[in-house]
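Each remark here refers to the structure printed beneath this line.
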Amino acid sequence: MLGVVFLSQDGSEIDFARVPGLARTSMDAHGDWLAGPAWEGGAGARAVSVRRCFYLPAPAAGVAVVIRSWRNAHPFRIIGPEIRPAGATASSAEDALADRAAPPRGRLAQDGRIDLGPHPVWFRHGLVPGRPLVFRGQVIAQGRTEGALAQICFRDAGGSPIPPPYPDTLSTLSVPAFLDIPVHRQAYRFTLKVSPPPQAATLEIGFGTWEADPGLALAAAPDALLDDDLRLANLTDDSDPGAEAVLARLLGRLGPLLDGGAGAGSIRPYLDAALLAERPSPLRSFARLRDGAEACVWAEGAIRLASRPAWPLPDVPDWAADPFRSQAWRLAFQSLDWTWGAAESSERAVRERAVAVAVSWSRANPWGQPADSLSQHPACTARRLEALLSLLQAAARDAAGADGRAIDILGGEVVRHAVALAEILAQHTVAGSLLELQVAAALLAAGLALPAFPMARHWTALAVLALQRGFEAMIDPDGAVAEASYHRSLEILTLALVLIPILKARPDLTPLAVILDARVPKAWAGMVALFEPDGALPPFGDTPGHADRYRWLERVAAAHGRPGMAAPDSGRAGDGWPHAAGASRPGTLIVRRSGDGAGWSAFTADFSEQVDPQDHRDCTSFTFATGGLRWITESAGQHLATARAHNVAFPDGREPGAGAGFARAAFRLGDAVVHCIETQVHGPDYRHVRAFVLLDDLSGLAVFDRFRAGHRPLTAEGFLHLDAGVTVALDPSRRVFGLRDERRLQIVPHAISGRLDDLALSRASFGPRENHGAPAGPVLRYGLSGTGILAGGLLIASSAGGVSRLAAAIEEEAFRSALTD
């Protein structure tokens with residue numbers, strides 16, 4: 001592991017919420033995993049050059065780097081470590097990236113900072129009766145400052161302000177209640193304990209400054225934690241880690257502050273049958289829209305999950321089962337999603353069987369001792385929390401059943417799961433991801449289903465904060481979705497649509513519904529535009545297998561229909577040039593053509609910003625279909641964090657890292673259009689431009705790269721991934737032919753500056769995590785070499801005439817100037 005600690009000028013450490021090019025790690029504030037030589041350099045390799053490119057956020061003045069390693073069979077050495085800045089002269093792409101990193105004051109920066117000023121940035125939190133909240137965060141200071149403050153306002157259950165004074169707060173004539181945050185270093189960590197007065201139900205805390213412009217910022221949204229004795233780790237006893245014991249301990253510690261019933265240590269006093277029956281289930285609704293009602297079922301004694309065959313469920317389930325050697329199946333099995341239908345059955349015996357299965361799961365999975373470690377994944381835990389709420393309703397409905405303890409066991413599990421998810425959100429463990437939205441949606445469901453439970457307000461407020469923060473970061477006001485994966489983008493928008501009516505039903509939650517109502521329709525229209533005429537979604541980013549996204553869109557349109565949500569129609573697919581993907585994907589170029597008797601065609605290129613080190617390193621990759629056949633595609637799957645898995649080119653083994661692409665203005669050359677994309681994903685040593693030449697009828701394209709690096713020797717290699725259904729042949733003249741359904745695609749390598757080197761065909765192979773069983777297609781690898789500047793690429797067309805038209809276009813002076821200047 002490569003660990004990176006950012007240092008201010010006075011040596012204090014800065015914990016940014018996120019740093020493009022690095023990930024949050026458990027051992028260092030930021031870092032990245034490094035693969036060994038055998039992975040990066042091939043079998044038998046003993047050494048490999050490792051390069052990482054990351055953003056250095058202001059006001060960091062230096063970095064401390066630590067390289068950690070374990071599980072090595074032999075000693076190893078680190079040779080020639082070096083940190084190099086990007087330099088003073090920025091490219092257009094670097095300028096564009098810098099512009100996006102500097103938002104208006106009070107808004108999240110690219111690294112998660114929140115700029116502060118005299119007008120506070122407010123956060124609203126629900127309170128556990130009589131218990132304080134502890135806020136932990138960090139203030140970054142640039143220049144001299146009088147420090148910061150946190151203004152405090154408590155409200156009662158009806159929303160009316162409770163007048164100060166409050167315990168342990170300060171006041172001035174202009175600020176009636178606050179806590180001071182003196183800033184002693186350029187990066188100063190603070191801890192604030194805010195104790196509520198009697199009858200307080202909610203807390204509003206606003207972080208601001210004393211001066212008009214002191215250059216202060218929060219490094220990230222502060223953690224909001226309960227007292228240590230209410231943390232899950234301190235509620236679980238090693239001698240009795242079961243759900244009932246956790247619930248009893250929690251209620252016992254809250255007992256003196258609660259009205260009757262708490263001393264019994266039971267969930268029963270807090271159950272309301274009507275509210276349980278009407279509870280929202282956003283993740284279940286989302287899954288039914290995405291996968292259909294029959295994708296996760298339990299019928300005739302067997303369960304059918306994750307597109308796998310039916311599996312007979314034993315009378316005593318084996319909670320460590322893995323019959324299909326499938327993580328997706330294990331996650332679905334452990335989530336208990338498949339108990340929904342039985343829990344809602346009109347037959348009591350069926351409901352009791354579902355409850356017994358859930359009780360069996362609880363007894364086999366005491367906290368911290370899971371039968372299957374995947375069951376503790378936040379996504380699995382969130383889905384299971386919703387299922388447990390359904391099962392709790394079933395147990396309460398049959399309260400006179402033989403196993404009267406079932407209510408307390410399931411109630412304890414609901415509370416235990418909700419406490420765990422609340423701590424994940426409070427500490428921003430999964431911030432900025434679809435996973436954060438899923439966790440928050442499940443926690444919101446728990447808070448709304450059990451409003452009388454003493455922690456419900458805390459859960460609901462944490463969930464709403466996370467949803468607002470997450471959706472505002474992922475869907476901007478213009479509808480742009482900040483997610484590398486097209487599939488995940490569609491999931492984010494589907495979950496947003498599910499949540500809108502849930503939020504509108506509560507007056508205190510409508511502000512978030514208004515935000516989503518304004519942004520989601522624009523983003524959805526752009527998302528639909530990405531679909532190809534046959535209903536497929538280009539496979540950029542993580543692409544979990546999905547049977548039919550076309551039906552997914554149909555189900556969404558039926559349930560949440562509004563203009564712009566119609567599924568793609570091949571009969572209406574693109575006429576004219578060009579067709580932009582809308583705001584859904586900044587950094588995306590798409591062109592679509594309807595059949596017109598010759599079959600539909602589609603081209604998609606993605607040059608969106610790469611932020612996380614586990615991103616797919618696919619900036620400027622593309623897909624292409626013509627004549628109704630898909631020819632060039634991506635290596636669909638997950639965790640393909642290698643450029644070799646994508647249709648890109650890179651110099652001197654320097655795979656793409658953190659950075660962005662910037663599109664120059666397109667221009668026409670005869671019956672073709674040229675799109676040039678400048679990138680800075682290969683580091684400061686290279687100036688890179690990729691050019692696409694698209695024929696108007698989309699029967700062919702050319703893809704060319706130019707790399708410039710002073711006057712030293714240069715090499716570059718490019719990759720082209722063809723669909724698994726394509727047969728590829730290479731002839732002595734170095735022409736490549738793709739054959740499919742009696743149709744032919746011609747691929748001709750061509751160098752403008754430098755020389756063509758090797759040209760090779762292989763089958764895709766990118767390590768054990770690449771395709772999850774998907775068939776691997778042919779891969780064409782081509783090489784270039786020269787001095788100072790390289791420019792070359794491929795002509796790709798469905799006919800010899802198309803190749804000739806492309807060859808004429810790239811000989812034009814306008815093209816060569818655009819590529820080489």
Side-chain angles (χ1 to χ4, degrees), residues 20-21 53-57 85-103 109-111 476 478-484 526 530 540-541 578-591 603-612 615-622 643 646-651 654-668 673-694 701-709 716 718 789-791 793 814-821:
C53 178
F54 57 88
Y55 173 66
L56 184 70
T89 304
S91 65
S92 301
E94 289 165 340
D95 288 335
L97 182 61
D99 290 343
R100 288 197 292 273
Q110 186 185 41
D111 50 45
D476 76 10
D478 295 325
V481 180
E483 164 56 51
L530 289 171
F540 292 105
H579 294 282
S584 177
R585 292 292 305 187
T588 305
L589 170 65
I590 72 168
V591 182
F603 168 84
T604 310
D606 192 296
F607 52 97
S608 53
E609 186 178 341
Q610 296 184 166
V611 175
D612 191 278
D615 279 353
H616 285 233
R617 305 182 191 173
D618 57 0
C619 183
T620 71
S621 187
F622 67 100
H646 307 287
N647 302 313
V648 298
F650 50 88
R654 188 76 61 94
E655 291 200 9
F662 176 77
R664 299 175 180 173
F667 61 93
R668 179 171 287 281
V673 176
V674 180
H675 300 267
C676 290
I677 300 164
E678 184 179 348
T679 83
Q680 36 86 283
V681 296
H682 301 290
D685 296 333
Y686 304 92
R687 299 295 296 270
H688 173 230
V689 174
R690 169 163 273 202
F692 293 104
V693 183
L694 304 180
L701 73 138
V703 53
F704 276 69
D705 291 275
R706 184 223 65 191
F707 297 99
R708 186 193 298 274
I789 184 171
L790 293 179
F815 175 78
R816 297 197 169 218
S817 296
L819 189 64
T820 58
D821 283 351

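Every residue two or more places apart in sequence or in another chain was checked for a side chain to side chain donor-acceptor pair (under 3.5 Å) with His682, and none qualifies.
Of all heavy-atom pairs spanning Leu589 and Phe607, the tightest one is N-CE2, 4.1 Å. When all heavy atoms of Ala658 and Gly21 are compared, the pair lying nearest together is CB-CA, 3.4 Å. Arg690 and Asn647 make their closest contact through NH1-O, 2.8 Å (heavy atoms, listed as atom of the first residue, atom of the second, distance). In terms of heavy atoms, Asp618 sits closest to Gly541 at OD2-N, 3.8 Å. Contact between Ala709 and Asp685 at its shortest, heavy atoms only, is CB-O, 3.4 Å. Nearest heavy atom pair, residue Val681 against residue Ala660, reads CG1-N, 3.7 Å.
Residue Tyr686 holds its OH atom at 13.5 Å from CG of Asp705, rounded to the nearest 0.5 Å. In this structure, OG1 on Thr604 lies 6.0 Å from CZ on Phe540, to the nearest 0.5 angstrom. One finds the CZ atom of Phe650 at 11.5 Å from the NE2 atom of His688 (value rounded to the nearest 0.5 Å).
For Asp478 (side chain) and Ala480 (main-chain N/O), no donor-acceptor pair under 3.5 Å exists by modelled atom type. In this structure, the side chain of Thr679 does not engage the main chain of Gly661 through any donor-acceptor pair within 3.5 Å.
Side-chain atoms of Leu694 and His675, non-hydrogen and from C-beta on, do get closer than 4.5 Å to each other.
Relative ring orientation between Phe815 and Phe704 is described as perpendicular, the plane-to-plane angle rising above 60° on a 0-90° scale split at 30° and 60°.
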